[in-house]
Structure formats: C-alpha cells, structure tokens
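Atoms within a ligand are numbered from 1 in the order they appear, just like the ligands themselves.
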Amino acid sequence: MSYAGLEVLVLYNPACGDNTAKEFFEAHVLPRLECSGINPSAVVATEGVGHAETIVIDFLKQHEGEVAIVLGSGDGTLHEIINALAFSYPASSSMRRAIPFVLVPCGTANALFSSLFLPSKQDPVMNRLSSLDAFIARSKPKPLALAYTSLLSGAPQHNCLHTVISVVVTSTALHASILKDSELLRKDMPGIERFKVAAQQNITRWYRSRVKLLPISSTGVVQVYDPDTDAFIPYQGPLDMSASIAYFLSTVNVDRLEPAFLISPLFSRIPSHHISLDLVIVRPERDPTFIMDTPTSREAFARKTGVLFAAAYQDGNHIRLRYRQDGDIGHYDDGPTVVEYFRCGGWEWVPDEADERAHLICSDGTVLEIAKGGKAVCNAIAAIPNGNVECLVYT
Ligand SMILES: Nc1ncnc2c1ncn2[C@@H]1O[C@H](COP(=O)(O)OP(=O)(O)OP(=O)(O)O)[C@@H](O)[C@H]1O
C-alpha cells in the first residue's frame with residue numbers, strides 16, 4: 001500500500017494521563033511510523049487547553065488532500081478536535097473531507113480506545129499501538145457516531161446558548177459531578193482513581209429534573225433493555241418523567257468509560273442498527289422501599305449505587321440487578337431493575353431551578369452548565385451537522 005499524497009499529522013498531549021505521551025511517542029510511535037515508510041508532515045505537542053483545535057484546523061487549511069491524524073491523548077483532546085471541526089472549520093460546499101484518526105491512548109480513561117480495542121496482546125505497549133497498526137496496514141477506518149447537545153435558555157424563547165458534540169459520553173447527575181470534582185484531583189491523582197474518589201464525594205446526591213426520552217428517528221421508538229429476554233423491547237412507559245435521579249449517562253461509540261467500567265455494555269453486545277445512543281438512568285424512586293427523599297434515604301441508597309458500580313466493573317452486570325421487595329439488590333429473577341437501560345434517539349433534561357448541581361452536564365469530560373430555567377437537549381447524529389467533515393477512526 002502506498003502513502004504517497006497522504007499528509008500525516010502526529011499530535012500528542014504531553015499533559016494527559018500520567019504525562020508520558022511524549023516519551024511513548026518518541027520510543028514507540030515515531031519509530032514505528034518511520035519503519036513503515038511514513039514520514040509525518042508535522043509532529044506537534046499541545047501546549048495547553050484548546051491548542052489541539054488550532055493545530056488541527058491550521059493543518060487542514062495547509063493540507064487540502066488526504067490526511068490522517070495520529071493522536072496521542074485521552075478522550076478530552078479528541079473531543080476538543082471534533083468540536084473544532086464542527087464549529088470552527090470553515091464551511092466549503094465543494095468538498096467533504098474524511099478525517100481519520102489513529103488513536104494512541106495516553107489519557108486517563110481512554111474510553112473510546114478501550115471500547116474499540118479489547119486487550120488482545122500480551123504486551124501492553126503492543127496493545128496501545130493497535131490503532132496505529134491498523135493504520136499502517138491501511139485498514140478501512142470506521143465512522144464515529146456523535147451526540148449533539150444544545151443548551152437552551154429558559155421558556156418561552158428557549159434560545160440556543162451553546163452547542164457541543166460528544167464522541168463518547170454525555171451525562172448529567174452523578175457522572176457530571178464526578179467529572180467536575182475529579183478535575184481538581186488531577187494533579188495528585190493522574191490515574192482513574194480520581195474518578196473513584198470524586199464518586200465517593202458525590203455518592204449521596206440526587207438530582208431533581210424533568211426528563212424526556214426522544215425516539216430513534218428512523219423507527220420512532222424508544223427501546224428499553226429487558227433482562228428476561230436479554231433483548232431490547234419497545235418502551236411502553238411514559239417518555240416524560242419528573243424525578244429524583246441519581247445517575248443519568250448516555251454514550252455513543254463506547255460500552256465503557258474506562259477499560260473495566262462497562263457502563264453501557266449493550267452497545268457492543270447488542271449493536272444498534274440505527275442512529276441512537278445508549279442511556280443509563282438510575283431513579284431511586286423505583287426502589288420498593290423508597291418512601292421519601294430524606295438524608296437517610298439518600299445514605300441508604302448510596303450503598304446500592306456502590307453495588308451497582310461494582311457490578312458495572314464486573315463485565316457490565318449492573319444492567320441485570322433487580323430490587324427485592326425488601327429493597328435488597330442482586331441478580332434476582334424478578335422485581336424492578338435498578339438501572340433503566342434505554343436505546344433512544346436522544347433526551348431532554350430540564351433541571352429543577354432550585355437544584356444547582358442538576359444544572360451540570362458533562363460532554364466527554366468537559367463540564368458545562370445549563371442556564372437557570374433552561375434545559376439540555378441531546379440527539380444522536382451520524383455526522384457533523386455542517387456536512388463538511390466526516391470523522392473516522394482506524395480499528
Ligand atoms: N500542554 C498541556 N498542558 C496542560 N493541559 C493540556 C495541554 N495540552 C492539552 N491539554 C488539555 O488536557 C486536557 C486533558 O486531556 P485528555 O482528555 O487528552 O487527557 P485525560 O483527561 O488525561 O484523558 P481522558 O479524557 O481519557 O480521561 C484537555 O482538556 C486538553 O485541552
């Protein structure tokens with residue numbers, strides 16, 4: 001296979017994960033490219049937040065032909081780049097460009113990489129080079145699905161104040177709180193343990209909100225996972241719910257947020273044939289022993305959330321947990337599921353004005369805030385809306 005005419009940008013974030021991207025690129029990535037006869041047009045290290053966007057946009061302006069981006073980072077840097085392609089890349093009606101990414105996981109969680117590549121090789125270095133090897137072998141890159149979220153102002157106008165695209169996760173509630181608080185711990189805890197510490201800090205919070213589930217646009221249906229049949233079935237419940245919510249998280253492209261934390265395991269086990277996202281919700285009010293929202297009931301429920309997370313680390317087993325009549329949770333044959341696992345076209349989240357933490361929203365680790373009285377609307381989409389760029393990944 002020839003690489004003639006292909007312009008390769010090698011880009012890494014030296015500050016992601018445990019700060020070793022530079023060493024990894026110098027020791028493994030650059031030599032491998034050289035051995036394969038691929039001479040990058042540029043090798044650049046990011047210098048701070050937002051720098052990756054500028055580098056990529058400038059590179060694309062300078063190189064109008066076929067390109068590939070070898071990216072050493074976590075999910076956050078990829079998120080920055082995709083949002084720059086969506087919102088800062090100049091519109092050109094004449095040319096639609098494919099931007100394939102070669103992912104070299106150097107970040108903290110690397111959710112996308114860990115979902116795409118299950119560890120198959122003995123050698124962890126070789127595992128990290130899997131996307132690079134696919135690129136060198138010139139395999140066909142596959143398109144990335146996206147979730148498009150609009151943050152709207154309050155009624156009656158509902159003006160769009162901000163839009164953001166996620167390539168991994170869009171969440172509110174506990175996960176958004178974890179991401180907000182874990183960032184403060186990054187310096188002392190470069191690894192995934194900071195997510196666990198932040199989870200403990202937030203485990204007793206509930207979030208008051210109105211939620212609307214949006215159907216998959218090609219079928220008009222919202223699906224829910226049925227553990228009895230181990231399949232998705234049409235959801236017959238109300239699409240609109242007002243509730244206290246402990247956990248609310250949707251994913252595209254991934255079944256996990258960390259190599260072992262399979263929060264949306266059905267993404268890979270029961271693949272969707274439509275443009276959709278997987279949505280995991282935990283509403284404590286489904287607990288048969290729930291009477292009212294008090295500090296004591298939140299404390300008691302926090303233990304169940306702990307069990308649920310532990311099960312997510314055990315091959316995504318949380319989706320089969322059910323309540324017994326006495327409120328105990330386990331892998332029982334009947335009883336309400338602890339998790340509601342939906343496959344839908346999107347969702348709306350309208351936080352209760354008085355609940356400040358319910359206004360947080362996380363998009364691939366970036367935490368944003370919904371305006372007072374406003375709402376967030378998230379939709380699964382196949383491609384960047386301006387239609388100029390298609391994002392792909394070598395697998
Ligand atoms: N030189 C730099 N110094 C400090 N921060 C940087 C630098 N370059 C990029 N960044 C920022 O680092 C942040 C984190 O990067 P990234 O998401 O790639 O890694 P991570 O958070 O460790 O991994 P993950 O998202 O998989 O958990 C990004 O928001 C990016 O803007």
Side-chain angles (χ1 to χ4, degrees), residues 9-26 29 42-59 69-88 101-117 119 124 127-128 130-131 144 147 164-171 175-199 249 251-264 361-368 391 393:
L9 168 64
V10 173
L11 178 64
Y12 60 85
N13 173 356
C16 68
D18 60 0
N19 308 305
T20 56
K22 183 175 192 298
E23 288 85 327
F24 192 78
F25 268 62
E26 285 169 357
V29 178
V43 178
V44 192
T46 57
E47 288 170 11
V49 176
H51 190 204
E53 312 175 16
T54 319
I55 297 166
V56 170
I57 299 289
D58 288 351
F59 185 83
I69 300 175
V70 180
L71 180 64
S73 75
D75 303 299
T77 305
L78 177 65
H79 168 90
E80 279 183 10
I81 296 171
I82 287 185
N83 278 273
L85 294 174
F87 303 119
S88 311
F101 290 90
V102 178
L103 300 179
V104 182
C106 298
T108 311
N110 306 304
L112 183 56
F113 183 89
S114 347
S115 295
L116 295 171
F117 297 96
N127 273 316
R128 289 175 70 184
S130 301
S131 181
L144 285 169
V164 64
I165 289 182
S166 309
V167 70
V168 170
V169 58
T170 319
S171 69
H175 184 257
S177 278
I178 290 174
L179 266 292
K180 184 175 174 68
D181 293 347
S182 68
E183 209 43 43
L184 305 172
L185 304 166
R186 182 186 279 270
K187 208 167 142 277
D188 297 327
M189 292 181 201
I192 50 176
E193 66 276 17
R194 72 170 178 273
F195 300 128
K196 291 187 178 133
V197 172
L249 178 139
T251 61
V252 282
N253 300 307
V254 305
D255 61 5
R256 63 198 70 208
L257 297 183
E258 300 165 9
F261 187 64
L262 271 80
I263 195 66
S264 46
I361 178 151
C362 164
S363 167
D364 296 342
T366 300
V367 180
L368 304 162
C391 297
V393 61

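- Inter-residue side-chain proximity for Val44 and Phe59 is flagged as unmet; no heavy-atom pair is nearer than 4.5 Å.
- Looking at heavy atoms from C-beta onward, Asp75 lies out of side-chain contact with Val167 at the 4.5 angstrom threshold.
- Within the 3.5 Å criterion, the main-chain N or O of Ser264 finds no donor-acceptor partner in the side chain of Asp255.
- Interface of Asn110 with ligand 1, defined as ligand atoms under 4.0 Å from a residue heavy atom, comprises 26 (O).
- In summary, the atoms of ligand 1 found under 4.0 Å from a heavy atom of Glu47, numbered by their order in the structure, are 1 (N), 2 (C).
- Of the protein's heavy atoms, Ala15 CB, 3.8 Å lies nearest to atom 5 (N) of ligand 1.
- Applying the 4.0 Å criterion to heavy atoms of Arg186 picks out, from ligand 1, the atoms 14 (C), 20 (P), 21 (O), 22 (O).
- Expressed to the nearest 0.5 Å, how far CG of Asp364 lies from CD1 of Ile82 amounts to 8.0 Å.
- Side-chain contact check for Tyr12 versus Val104: every heavy-atom pair is 4.5 Å or farther apart.
- Between atom OG of residue Ser73 and atom CG of residue Leu112 there is a gap of 9.5 Å, rounded to the nearest 0.5 Å.
- Which parts of ligand 1 touch Gly17 is read off a 4.0 Å heavy-atom cut-off, strictly below it: atoms 22 (O).
- Within the 4.0 Å heavy-atom shell around ligand 1 one does not find His79.
- Distances from ligand 1 to the non-hydrogen atoms of Gly48 include at least one value under 4.0 Å.
- Within the 4.0 Å heavy-atom criterion, neither part of His51 lies near ligand 1.
- In terms of protein heavy-atom proximity, atom 29 (O) of ligand 1 is closest to Glu80 OE2, 3.2 Å.
- Of the protein's non-hydrogen atoms, the one nearest atom 22 (O) of ligand 1 is Thr108 OG1, 2.6 Å.
- Considering only non-hydrogen protein atoms, atom 8 (N) of ligand 1 sits nearest to Thr46 OG1, 2.7 Å.
- Dense packing is recorded around NZ of Lys196, with more than 12 heavy atoms of other residues, nucleotides or ligands lying under 6.0 Å away.
- Of all protein heavy atoms, the one closest to atom 19 (O) of ligand 1 is Cys16 CB, 3.1 Å.
- For the pair Glu80 and Val49, the minimum side-chain heavy-atom distance is below 4.5 Å.
- Under the 4.5 Å side-chain criterion, counting only non-hydrogen atoms from C-beta, Val393 is not in contact with Phe113.
- Although no hydrogens or angles enter the test, the distance criterion places no donor-acceptor pair under 3.5 Å between the side chain of Arg186 and the main chain of Ser182.
- Here Asn13 has side-chain heavy atoms under 4.0 Å from ligand 1, and that is the only part of it that gets that close.
- Taking only nitrogen or oxygen atoms, main chain and side chain alike, Phe195 does not reach within less than 3.5 Å of ligand 1.
- Scanning the protein heavy atoms around atom 16 (P) of ligand 1, the nearest turns out to be Thr77 OG1, 3.5 Å.
- Both the backbone and the side chain of Ala109 come within 4.0 Å of ligand 1, counting heavy atoms alone.
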